[in-house]
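Accompanying notes for the structure given below.
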Amino acid sequence: MDVKRARSPRAPAGGEDDKKRAGWRGAGVRPEMVLVGFLLTLPLLFLVFGGRWGSGSFPSSSPSPPVAARNVAAGDRGATPQSKKSEAVTPKNVSAPTASSPSPDKLLGGLLSAAFDESSCQSRYRSNLYRKPSPFPLSPYLAQKLRKYEAYHKKCGPGTKRYRRAVKQLKSGRNADHSECKYVVWFPCNGLGNRMLTIASTFLYALLTDRVLLMHVAPEQEGLFCEPFPGSSWVLPGDFPENNPHKLHIGAPESYANMLKSGVVRNDDPNSVPASSLPPYVYLHVEQFQLKLSDNVFCDEDQVVLGKFNWMVLKSDSYFAPALFLTPMFEEELARMFPQKEAVFHHLGRYLFHPTNRVWGIIRRYYEAYLARVDEKIGFQIRIFPEKPIKFENMYDQLMRCIREQRLLPELAGAAEPANHTAGGAAGKVKAVLIASLYSGYYEKIRGMYYESPTRNGEVVAVFQPSHEEQQQYTSNEHNQKALAEIYLLSYCDKIAMSAWSTFGYVAYSFAGVKPWILLRPDWDKEVSAVACVRSASVEPCLHSPPHLGCRAKRNVDAAAVKPYVRHCEDVGFGLKLFDS
C-alpha cells in the first residue's frame, strides 16, 4: 500500500460521534452543531476553490487490512461523500430492507437457501443490494436441484458417519461396488480468479454426477468465503488420506489418462468393468495449457467408467463448464438447469461465493464511502501478462481509444470551451470510475485528465483505485482478500472494460450479469492492437482449452460451428464460451 497517500476523505461511521449526533435529534441549535456543519462543508469548499481530493485510505476498522483508496472528482462541481448518519449506507436508487420488511429478492429468486444465520455471513443476503437485478430468471429446476444437493451434502459431508465410512473405504486401497455417497475433491492452482471459475465448474460437475464437492483450502485461501451449504462444510478435513497436493501432477499414476494407458481401466466396454476392481480413487488433471482438456474426461464412455469411482480427486485452473455442455449425456439435464446458457457462472458463482464478514467489511466500507451515491459506475480492469508484456503507454492508449470509441466516459471540454450545464440533463450527474489494476499509472493519468479539465456536458467524473500491489501474489492471504474485494467492487459497476484473457475480469462481469468491453491483445508479433476493444456477446467466462468435439474419433470439428449455444471467445480465438443465440 502507498502509505504516503493514506488519507481518508471521511471517518467511518459507528463511533462516538455518531452516537452524539443521534442524541441531538429534536434539540435546538447548539454551537457544536454549527461547528460540525462547517467542518462537513470544508471538503466541498476545498474542491470549489482549487483544491482536490488526495489519495485516501479505505475506510476501515481494525481488524480489517487497509486497502489504499485513491480518488479525484472532476467536472463542473465537486462530489464529496456525505457524512454517515447510520452504520450502513443504502446504494443509490435502492431501498434498504428492514427487520420487518426483508428484501423482496433476498434469496435471489430462490437461488439461495434461507437456512442460514444472516449474521454469520452478512454478504450472503446483502451483496445483491449493490447490484442491479439479475437479467437472467432462475430456472425452478435449478433451484430444486440445489436444495436436493444441499440435503445430500449434509447427509454425506465431513463429520457424518457416511463420510467416515467412505474415508475408511478409501484407506483400504480399493473401490467399492455400491456406495451411498460419492465425492469429488478439488485442489487449487493459479490465482483467485482461476480458482473461483474452476470451483464453480467442479460444483456443476458434482451436480451432474451426484457427487459431494469438497475443497482443499490452502492457507492463502483461508477466510475468504463463507460456507455455501447449510448445516455442513465444503472444506476438506485436514486428515484426509490423499491430502498431498504434490502428488497431483500430469504424470501421476492415479490419473485417469494414465490408467487408460496402463490398462488399469477400459473405456471401449465400460460396462464390463466392475467397480470393485478399480483403484480407490481416480485423479483428473484439468489444467489449461499443460494439457489440452482431455477427451478422456468429456466423452460418454469415459463418464460411465469415471462414475464407478467413489472418490475422484480433481486439480484444475480452468473454467471447464462449457466442456460439460459438449458431453452428450449431460446435455438434457443442463438444458433444464440453464434454459439461458450464458447464465451458468452468473447463477452458480452467486450461489457459491460469499465473502466472509472480514472481507465483506472491506467491500462494504469502500462502496459506501466512494460509490454508493453516484449516478453511474464504470469499471476498468487492466491486467498485463508476462507471456505477452505490453508497454504501459501502449496499454493506456488502447484503453483511451476504447473509452472514446464506445463513449464510456464523457468528453472533456476544450481549453477555451466552457462546460455545458444544460447538455441533455447530464450536468451535475456523477460518474465513478473504478480502476482494478496492479499498477497505479492508469489511475494517475485518468485522474489527472479529469481533474485538469471540465467535462463538455457538465458531468462530474470521480476516479478511484482501491489498491496497486505491483505484482500478483498467489500465496498471500492478504493479497487475495484485496483481490476478492476488488472483484466484488468491479461487479457492482454498470459498465465494465477489461483486459483479454483475465479470469479476474471474467468473474466480475459474470457476477454483474454485464457484457463487458474486452481490450484485445496485440498479435504476438505486434506491440499495439489494431482493434481497441470489442463487446462480449455473452456474460459467460471463456474456456481457454476446449476439448475435441469428436472424442476418440479425433475429428477436427469446430464445436462453435455445430453447437448453437457455444461460440469462440472474443479474446481467445480458439477458446469457447456459452451464449444464447
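This is a predicted model, so every value here is computed, not measured.
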Next item on the list: Apply the test side chain to side chain contact (heavy atoms under 4.5 Å, CB included) to residues Val433 and Lys377: give CA-CA distance (whole Å), side-chain angles for both, the deciding distance (0.1 Å), then the verdict.
Entry: CA-CA 6 Å; Val433 175; Lys377 297 176 287 293; over 6 Å; no
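- With hydrogens and angles ignored, the 3.5 Å screen pairs a side-chain donor or acceptor of Gln398 with a backbone N or O of Ala532.
- Taking both residues in full, the closest heavy atoms of Asn357 and Cys121 are given as OD1-CA, 3.5 Å, listed atom of the first, atom of the second, then distance.
- A salt bridge does not link Lys445 to Glu393: none of the charged side-chain nitrogens sits closer than 4.0 Å to a carboxylate oxygen.
- In this structure, Leu224 and Gln481 have side chains that are in contact, with non-hydrogen atoms separated by less than 4.5 Å.
- Relative ring orientation between Phe353 and Phe225 is described as tilted, the plane-to-plane angle lying within the 30° to 60° band.
- Aromatic pair Tyr488/Tyr367: centroids not less than 6.0 angstrom apart.
- From Leu348, atom CG reaches atom CD1 of Ile199 across 12.5 Å, with rounding to the nearest 0.5 Å.
- Note: Asp571 CG to Leu519 CG = 10.5 Å, rounded to the nearest 0.5 Å.
- Side chain of Ser123 to main chain of Pro355: a donor-acceptor pair is present (N/O by atom type, distance under 3.5 Å, no hydrogens or angles).
- Within 6.0 Å of CD on Glu405 lie more than 12 heavy atoms contributed by other residues, nucleotides or ligands.
- Here the rule is ring-ring contact (aromatic ring centres under 6.0 Å, His included) with His544, and of Phe320, Trp501, Tyr319, Phe574 only Trp501 fits it.
- Counting only N and O atoms by type, the side chains of Lys577 and Ser536 include a donor and acceptor under 3.5 Å apart.
- Rounded to the nearest 0.5 angstrom, Leu399 CG and Ile382 CD1 are separated by 4.5 Å.
- In this structure, the separation between CD1 on Ile363 and CG on Leu484 is 5.5 Å, given to the nearest 0.5 Å.
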Next item on the list: Decide side chain to side chain contact (heavy atoms under 4.5 Å, CB included) for Tyr506 and Met498; before the verdict, give the C-alpha distance in whole Å, the side-chain angles of both, and the deciding distance to 0.1 Å.
Entry: CA-CA 9 Å; Tyr506 292 166; Met498 58 159 282; 3.8 Å; yes
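- A salt bridge links Lys495 with Glu376: the closest approach of a Lys/Arg side-chain nitrogen to an acidic carboxylate oxygen falls below 4.0 angstrom.
- Contact of the Val344 side chain with the Phe136 side chain is not registered, since no non-hydrogen atoms from C-beta on lie closer than 4.5 Å.
- Between Phe464 and Tyr443, the ring centre distance reaches or exceeds 6.0 Å.
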Notebook entry, point to check: Does the pair Tyr442 and Phe392 meet the rule for a ring-ring contact (aromatic ring centres under 6.0 Å, His included), with working shown?
Noted result: CA-CA 8 Å; Tyr442 305 101; Phe392 170 78; 4.8 Å; yes
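- Side chain of Thr455 to main chain of Gly458: a donor-acceptor pair is present (N/O by atom type, distance under 3.5 Å, no hydrogens or angles).
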Next item on the list: Could you go through the salt bridge (charged side-chain N to carboxylate O under 4.0 Å, His left out) check for Glu387 and Arg521 one step at a time?
Entry: CA-CA 11 Å; Glu387 68 271 14; Arg521 274 188 181 182; 3.0 Å; yes
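- Formation of a donor-acceptor pair under 3.5 Å by the Asn128 side chain with backbone atoms of Asp105 is found in this model.
- Looking at Glu411 and Arg456, a side-chain N of the basic residue comes within less than 4.0 Å of a carboxylate O on the acidic one, giving a salt bridge.
- One finds a salt bridge joining Lys132 and Asp494 here, because a Lys/Arg side-chain nitrogen approaches an Asp/Glu carboxylate oxygen to under 4.0 Å.
- At a threshold of 4.5 Å between non-hydrogen side-chain atoms, the residues Ser538 and Asp580 do not count as touching.
- Taking the six-membered ring for Trp, His468 and Tyr439 have ring centres at least 6.0 Å apart.
- One N or O on the side chain of Ser510 and one on the backbone of Val539 form a donor-acceptor pair closer than 3.5 Å.
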Checklist line | Trp517 vs Ile496, side chain to side chain contact (heavy atoms under 4.5 Å, CB included): CA-CA, chis, key distance, verdict | finding: CA-CA 6 Å; Trp517 283 269; Ile496 296 174; over 6 Å; no
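- Side chain to side chain, Glu486 and Ser467 meet the donor-acceptor criterion of an N or O pair below 3.5 Å.
- Here the side chains of Ser134 and Leu108 are not in contact, with every heavy-atom distance at 4.5 Å or above.
- With Glu540 contributing its side chain and Phe345 its backbone, the two residues share a donor-acceptor pair below 3.5 Å.
- At least one side-chain heavy atom of Lys431 sits less than 4.5 Å from a side-chain heavy atom of Ile378.
- Panel note: side chain Ser499, backbone Arg383; a donor-acceptor pair is recorded below 3.5 Å.
- The shortest non-hydrogen separation linking Pro516 to Tyr509 is CG-CD2, 3.3 Å.
- Judged by distance alone, the side chains of Ser127 and His354 never bring a donor and an acceptor atom under 3.5 Å apart.
- Looking at every heavy atom in both residues, Val359 comes nearest to Ala485 through CG1-N, 4.3 Å.
- For Arg535 (side chain) and Lys515 (main-chain N/O), a donor-acceptor pair under 3.5 Å exists by modelled atom type.
- The line from CG of Leu138 to CG of Leu142 is 5.0 Å long, rounded to the nearest 0.5 Å.
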Checklist line | Lys341 and Phe579: CA distance, side-chain angles, deciding distance, side chain to side chain contact (heavy atoms under 4.5 Å, CB included) verdict | finding: CA-CA 6 Å; Lys341 303 293 189 296; Phe579 87 116; over 6 Å; no
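- Remark: Arg131 fails to qualify as a cation-pi partner of Tyr492 under the 6.0 Å distance and 45° angle criteria applied to the six-membered ring.
- The aromatic rings of Tyr130 and Trp360 lie perpendicular to each other, with more than 60° between the two planes, well past the 30° mark.
- Rounding to the nearest 0.5 Å gives a distance of 8.5 Å between CD of Gln381 and CD1 of Ile487.
- Ile384 is listed as a side-chain neighbour of Met395, based on a closest heavy-atom distance under 4.5 Å.
- Figure legend: Arg124 and Tyr351 shown without cation-pi pairing, the cationic atom not lying both under 6.0 angstrom from the six-membered ring centre and within 45 degrees of its axis.
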Note to self: Between Asn194 and Thr503, does the side-chain hydrogen bond (donor to acceptor under 3.5 Å, both in side chains) criterion hold? Intermediate values first, please.
What the structure shows: CA-CA 6 Å; Asn194 294 77; Thr503 55; 3.0 Å; yes
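- Of all the heavy atoms in Cys542 and Gly575, the pair that sits closest is SG-CA, 4.1 Å.
- For the pair Leu490 and Phe380, the minimum side-chain heavy-atom distance is 4.5 Å or more.
- The side-chain heavy atoms of Thr198 and Ser318, taken from C-beta on, include no pair separated by under 4.5 Å.
- A salt bridge is absent between Glu452 and Arg447: the closest approach of a Lys/Arg side-chain nitrogen to an acidic carboxylate oxygen does not fall below 4.0 angstrom.
- Between Lys388 and Asp523, the shortest heavy-atom distance links the atoms NZ-O, 3.0 Å.
- With hydrogens and angles ignored, the 3.5 Å screen pairs a side-chain donor or acceptor of Arg195 with a backbone N or O of Asn190.
- Remark: side-chain polar atoms of Glu570 are paired, donor with acceptor, to backbone N or O of Ala537 under 3.5 angstrom.
- The nearest pair of heavy atoms linking His346 to Pro135 is NE2-CD, 4.3 Å.
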